[in-house]
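Counting starts at 1 for both ligands and their atoms, in listed order. As the structure is a prediction and not an experimental result, all values here were calculated from the model. Positions are given from 1, in the same order as the sequence printed here.
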Amino acid sequence: MRSFECNIITIFPEMFSSPFKEGIIKRAIEKGIVEIHICDLRDFTHDKHRITDDYPYGGGAGMIMIPGPLKEAIEKINEKTQSKVILMTPQGERLTQSKVRDLSLLERVTIICGRYEGVDERIRLYFVDEEISIGDYILSGGEIPAMVLVDAMVRLIPGVLGDEDSVKEDSFSSDLLEYPQYTRPEIFHGYRVPEVLLSGNHEKIRKWRRMESLKRTLERRPDLLEKAKLSHDDRIILEEIKRTKT
Ligand code: SAH
């Protein structure tokens, strides 16, 4: 079985005390498929006050994370085997499911959580392999972005989810949004589950789901359709959906 090791460099290690102790990530750790090590950046400082930030050269608001402790932390983690070093930053490549898939194929990653106004540029230039953003907005630190990335990666590691098929059907995994899902009861407040889902006809159900998936993507995220891998049948269905809409 493949294993996945994730190291997280942070000045707030306590923030990680609960998110990885529930649900799928907790089980993945217990099964020994995933290891998550939280590295307290302050352990790599050498002054009495364990300082990790300083004023920006050239002036301006806010503080910058000093490079020394970050470099030492990365080197310690990479002492025996190299890991891919990822900096969480709003200036990075915007995270997508396909990027998550690529990163989840690695064996070891190290994630740097920025704070204040971010890290000294020399860390970004000379010690970081990838820069990832979780979206076009600014958070106060890289810890929550790191949790987002770890959660998304871990569920793709083989053996983590009980049912591998559920990953394949997820929104974005085939560049489409997922079809609508229903569970019991069959009639809820007078609203019925679509008849086809109760039919037991797997081929009919598959077709219905594919059509709903295409419909939903066309309505909500037409940008995804431009790069989606669509079959000949998909294109015919799409044309049909567009025709009936107008
Ligand atoms: N002044 C910086 C933003 C600093 S926000 C700039 O304009 O680029 C502080 C830290 O929070 C960042 O170093 C980063 O690690 C994290 N962060 C904030 N928003 C983020 C986002 N959208 N994606 C990933 N990391 C983010």
* Please indicate whether any nitrogen or oxygen in L139 is less than 3.5 Å from any nitrogen or oxygen in ligand 1. => yes
* To do: Heavy-atom contacts with M88 under 4.0 Å: which atoms of ligand 1 show up? List them by number with element.
  => 14 (C), 15 (O), 24 (C), 25 (N)
* Structure fact -> Here the atoms of ligand 1 under 4.0 Å from any heavy atom belonging to Q91 are 6 (C), 8 (O)
* Check step by step if salt bridge (Lys or Arg N to Asp or Glu O under 4.0 Å) holds for E130 and K99. => CA-CA 11 Å; E130 299 236 10; K99 186 71 199 175; 2.9 Å; yes
* Asked: Could K229 and D234 be called an ion pair, given the rule that one side-chain N must be under 4.0 Å from one carboxylate O?
  -> no
* Would you say Y137 has any N or O atom under 3.5 Å from an N or O of ligand 1, going by distance alone? -> yes
* **Other residues, nucleotides, ligands: >12 heavy atoms within 6.0 Å of K31 NZ** => yes
* What's in the same ILVMFWY side-chain cluster as L197, cut-off under 4.5 Å, chained through other members? -> Y182, V193, V196, L198, I205, W208
* Asked: Would R210 and D233 pass as an ion pair if we require N to O under 4.0 Å?
  -> no
* Check: T89/E131 side-chain N/O donor and acceptor closer than 3.5 Å -> no
* Asked: With backbone taken as N, CA, C and O and side chain as the heavy atoms from C-beta onward, which portion of P145 lies under 4.0 Å from ligand 1: side chain, backbone, both, or neither?
  -> side chain
* **For ligand 1, the portion of I132 having any non-hydrogen atom under 4.0 Å away** => backbone
* To do: Could you pull out, from E117, R124, E143, E131, the option with a heavy atom nearest to atom 1 (N) of ligand 1?
  => E117
* Asked: So is V119 polar-close to ligand 1, meaning N/O to N/O under 3.5 Å?
  -> no
* Asked: Heavy-atom contacts under 4.0 Å between I138 and ligand 1: side chain, backbone, both, or neither?
  -> both
* **Heavy atoms from other residues, nucleotides or ligands near CD of E30 exceed 12 (cutoff 6.0 Å)** => yes
* Should you measure from each heavy atom of G118, which atoms of ligand 1 turn up under 4.0 Å away? -> 13 (O)
